[in-house]
Amino acid sequence: MFKAVSTDVSFPKREEQVLELWKQRDIYAKSLARRQDAPSFVFYEGPPTANGLPHPGHCLTRAIKDVFPRYKTMQGFRCERRAGWDTHGLPVEVEVGKELGIHSKEEIEAYGVEPFVQRCQQSVWRYMQQWERLTERLGFWVDLESAYVTYHQSYIESVWWSLKNLFDRGLLYQGHKIVWWWAQGGTALSSGEVGQGYRQVADPSVFVTFPLVDTPRRGLLVWTTTPWTLPSNMFAAVNPELQYALVRVADSDQELWIAADLVEAIATKTKQELTVLETCRGSDLIGLRYRPPFDFFYADKADAAGDLVAGGRQAHYWRVVAADFVTTDSGTGLVHQAPAFGEVDYEVLSTEQQRFVEGQQPELFHCVASDGKLTEQAGPFAGMWVKDADKPITRDLKERGLLFFQEQYLHDYPFCWRAEQDPLIQYPRESWFIRTTQFKDQMLANNARIGWLPEHIRDGRFGNFLASNVDWALSRERFWGTPLPIWVCQQTGRMEAIGNYEELLAKPGVQGTEVWQKAKAENPELADDLRVHKPYIDAVTYDSPFADGARMQRVEEVIDCWYDSGAMPFAQLGYPHQEGSREQFRQQFPADFISEALDQTRGWFYSQLAISTLLFGPDSQAATDGDGPPQRTAGNSVDVAADADQPWPHPFRNCIVLGLMMAEWYEPKKGDKKNIALTEADAKEKFGGAFEKKVGKMSKQLRNYRSPDEIFDLYGADALRWYFFANQPPWTSILYSERTIRDSIPEFLLRLWNVFSFFTIYAEIDEFDPTAGVELTSGQLSPAELAGGEGYRPASERSEIDRWILSELNRTIAAVTERMDAYDNYGACQQITALVDGLSNWYVRRSRDRFWAKDKRSADKLDAFWTLYETLVEVTKLIAPFVPFLAESLWQELTRPFVGSGKTAESVHLCDYPKSDASRIDQTLSTRMQLLREIASLGRAARAEAKLKVRQPLASVTVVLPDQQHVPWLKAHDALVQSELNVKAVQYVTDAEDLVHYSVQPNFKRLGPRVGKNVPAVKKQLAEADGGELMARLQADGFIELTVGEETLRLDDQDIQVRLQAREGSAATQGPNSVVVLSTEVTPELFREGIARDLIRFIQSRRKEMGCEFVDRIVVGILTESNDVKQAVDEHRDMIRRETLADEILEQRVPGSEPQPLSVAGQDGELSVAKA
RNA sequence: GGGCGUAUAGCUCAGCUGGUUAGAGCGCGUCGCUGAUAACGACGAGGUCCCAGAUUCGAAUUCUGGUACGCCCA
């Protein structure tokens, strides 16, 4: 049987119990086992790194990642959820470096690559426990035991396989990458590190003359802010779209090309008089050859030239080229290009290289060594530190008459975050690239088929990013990462890629494996996976197939760890090496659903798409061993039809892109801004009144957020989850607001719990038994199963309100399903909230007296029980994916009476998701009930207006409706309105000119297209006409006629809408569909009845104070001087006794009671109550 | 500097394809209810829908141009 549950519930405590239950009974495994042969719904976990502590943002990601797999599992899909960990990369090296107190590459090498890498491998798991605990506590069901790990040998071998594939197809190549370089430290810095070091500095800005080869009197006026790069000049860039002017400099024969828009500005700035001789478009200047300011390279290469792809021949260097980044915002409109020292400049060189035929392309040159000093090639400047060379170079130009102008220029420039005095420079490094640009169109086509949420990601941020794709710079000159599996012939320089470790060992003349064997022998604890890492793998060499006697040696680099993560769809399976991985891959590719935050656009979203497109795209068939793209026949996707001929989209069909999470905190208006408070209450206590609320980024330093653990302990995981799901669409920036998280408890969790608690209280008292007569088959307490229950009647035989809530339930189930299938958790939650509100504030509220009815077995009472029970059971399943803990608690309680049978599903998460029963949806009933609720609400508003509390009975209300349609139905529900508004009678009228004023408006949506420009005229005529008369005519004829201009319009009741307006001075309120008018007269009889209701209330609260059980009977004594009160007791004795379970009402003090003062009808008295 | 996004009540946000009284929750205020009760309900105040222009019979919604903020990239 049911047992009344306390309303004093601690959700965190209950959640811990639920976790224990899940663990004991292995519910997650069972939920998968149930769907073993079902169609799959594929989910990919984007691997987080356990190298840092999890924070609130991870909770959101993990909550979203949880809700859809849970939902799909209940919907009948098999959804395997494999966890994964990202373990490589610079952050790990930095952590270890901190521990060791070292940071430069040299220091790491001095420390020893071998112990360093070993430490990295151990360090990766530093926060593992916290991550696992968070995952579990949040209720994120994911298979942690079989998690994929990016440093595992099988994972790395998958990555190798893919890289070999790319290498063999000519898609991996060596080139230069311009990096931010710390010359003193001899290392490249990541963009994150560079970002930390920006400072404002003054640098020289110089305008230099480049004389044209054919007409030396004419020159290009070229701008640069880095004079030290001038010796390495290769081109001058113009914007082909801009206008350029040839100007003569007054008092000289010099003629210079500059941007036309800048003539005046430059003249003013340089105090020179400039005369425009001619103008042209930038594109007309392209190809002009000039003499560079220094001869260091010019001496050798002035005549270097090559054949063009498009035919013809062109000089390699020192000519005008096109670059659309050139603007007229500053400088001269012509920009000096030293591709070695600028990423954009380098792109210009790349573009130029592509114009020439293979083997005849211009090549990068420069004269700066990696230590930041100019080389011997720089002649007199050799040996100078680049920044120190600015001045001598400028002076030299000036002496030779090439310097036109110089000034100081303020801008932000990056410095090394470890050595603040050291400016960083852009510098070319050898690097490996993947030829992704060749697949740009395919990637775009692939992207176009992905269901992005929000949609604008596809054409916006992600689409633009793809459209401006550059080749993927894959290699890293670091230590802890997947080694690039390319071996080089030491003699010929020819290379080959290796696809796995075994393949390497099978090479002829293999040597060097003993390095690993020795390490392992010395330390058997070493993870075997390390053998495919640096430095062990570097030691492995073999005989070159390209030259007799030569050896093959691995290149030094490791790869970008984003490649690791992007390879996850196949690498998590060890594809294609592991046994069974091909079959698994075919079943688990592509994913139906993934989700990460917006910052992954250029990260995991891109790495996955790029790798997948290159490896499994249309023209990769041959290279994938004949497997081709393994297209799974379709599970489930939005917008994207599973089209057998179209290989897209992969590797994921739907992606929810989460917004960034913001923190909310309070800081004092005065004093230490670091001394913050996390809640308003704390702030009040700490700072008095003087504080302000702040919203901003989460910050570890400021600690402006509460740790997830604390949230779980204080409010519970469901509160946090519901807050995430139900408060905003997930792609907006989400405020991590402790107050709002806390508020989700009373707003939703507790409200539902209270309904449930109400149910159990009366189910226990009345011994409601849902088991009798029920034959369990599925054990899910489905409507069909419950239909056999004792006293269960078909919905059609139950009362209106029962049918109403069942209709709302099924309507909601349909809506939630529709929303969730569209990956819209927010919309789904709004539906659920509305249902629970209706259940609590209308169904239970309006049904209470049915549960209080004396006859325990009356059909109506049983209907109420069955209806509420069934609704609770279905709601429990409905909310299970969202708030799995509360749902489980409810399920365990709701199934309690059946437990003996052993046939009920042992967890709500082993149930099917509810199916909407269309036959139970009654739209008319919904509309009518809505109207009824409107009337009740208006009635209450009218009472409030007239200051007549609901406890005071009134004679009647009059409800004015514009049409008769629903009146018969409403009349049948008089009792409901009467009790809700505490009135004796309800009248419905449509024609009540004395009470309301009718105003008639056009139905714009209908009439707009029909009458167009005449809409305002129609509106005016309708407004000016007598509303009541129009109504009468409409009701009599079915239409009205209006003359607008030349035309006569016939309008029916669909074309116009009648609005009611309460007349001034009556106790009336108006709503969208009706007006409710209150009869405000309080007769003596009504007054006394009000007194009786007051007395009931006093007695009830006294009962409660005394700790009476619900069924205890009492004796009541009322002492009063008031005749009204005495008379009220006489007249309403039965009602008072019935409501308060009083055996007797005496006009004296009840012996053995504690008398209480009583104030009713403005009279004092005394109330005494005792148990009978 | 470029790209993307956002701007609606005191706060956090809804508002689909244009339809004339712009909504919710919280907060605030007033009142009510009192055997679901440390809950709950009703009502109220509170809006230049960022600004300007355009399209239209009609614009929070579409277009153009600004402004502010956020993110990503340079």
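The separation between A:Asn754 atom CG and B:C40 atom P is 7 Å, rounded to whole Å. Here the P atom of nucleotide B:C73 and the CD atom of A:Gln600 are 11 Å apart, to the nearest Å. Rounded to whole angstrom, the span from the CH2 atom of A:Trp452 across to the P atom of B:C4 amounts to 16 Å. In this structure, CZ of A:Phe725 is placed 23 Å from P of B:U12, rounded to the nearest angstrom. The distance from atom CG of A:Asp837 to atom P of B:A39 is 17 Å, rounded to the nearest whole Å. In this structure, A:Asp599 places its CG atom 12 Å from P of B:C71, rounding to the nearest Å. To the nearest angstrom, P of B:C26 lies 13 Å from CZ of A:Arg742. At whole-Å resolution of the value, CZ in A:Phe1004 and C1' in B:A59 are 14 Å apart.
Nucleotide B:G53 forms a pair with B:C63, judged by Watson-Crick or G-U wobble geometry with both contacts under 3.5 Å. B:C4: Watson-Crick or G-U partner is B:G70, with both key distances under 3.5 Å. Of all nucleotides present, none satisfies the Watson-Crick or G-U wobble test against B:G47 with each distance under 3.5 Å. A 3.5 Å limit on both hydrogen-bonding distances identifies B:C11 as the Watson-Crick or G-U partner of B:G25. Look at B:G18: it lacks any Watson-Crick or wobble partner with both distances under 3.5 angstrom. B:A42 is paired with B:U30 under the criterion used here, namely a Watson-Crick or G-U wobble arrangement in which both key atom distances are under 3.5 Å.
As judged by a 4.0 angstrom heavy-atom cut-off over every strand, A:Arg1006 is placed among residues making no nucleic acid contact. In this structure, A:Asn464 reaches the sugar-phosphate backbone alone: every heavy-atom distance under 4.0 Å involves primed, P, OP1 or OP2 atoms, never a base. Counting any heavy atom pair closer than 4.0 Å across all strands shown, A:Val844 reaches a base atom. Base engagement by A:Gln1100 is indicated by at least one non-hydrogen atom pair under 4.0 Å involving a base atom. Looking at heavy-atom distances under 4.0 Å, A:Pro454 makes no contact with the nucleic acid at all. Residue contacts shown for A:Tyr762 are limited to sugar-phosphate atoms, with no base heavy atom under 4.0 Å away.
The CD atom of A:Glu893 lies 5.5 Å from the CH2 atom of A:Trp753; values are rounded to the nearest 0.5 Å. Rounding to the nearest 0.5 Å gives a distance of 15.0 Å between CD1 of A:Ile741 and CH2 of A:Trp722.
Heavy-atom nearest nucleotides on RNA chain B were determined for A:Ser840 and for A:Tyr826, and the one closer to the 5' end corresponds to A:Tyr826. Nearest-nucleotide assignment on RNA chain B puts the 5′-proximal partner with A:Pro1016, out of A:Gln426 and A:Pro1016.
Side-chain contact annotation: A:Tyr606 with A:Asn469, donor-acceptor N/O pair under 3.5 Å present. Between the side chains of A:Trp452 and A:Asp459, not a single donor N or O lies within less than 3.5 Å of an accepting N or O.
Residue-to-nucleotide contacts include no donor-acceptor pair under 3.5 Å from the side chain of A:Arg845 to the base of B:C40.
One finds no side-chain N or O of A:Arg848 lying less than 4.0 angstrom from the OP1 or OP2 phosphate oxygen of B:U37.
Out of B:C72, B:C71, B:A36, the shortest distance to the side chain of A:Ile761 is found at B:A36.
In plain terms, the two heavy atoms of A:Thr436 and A:Trp472 that are nearest each other are OG1-N, 3.5 Å.
Ring geometry, A:Phe2 versus A:Phe759: the interplanar angle exceeds 60°, so the pair is classed perpendicular (tilted spans 30 to 60°).
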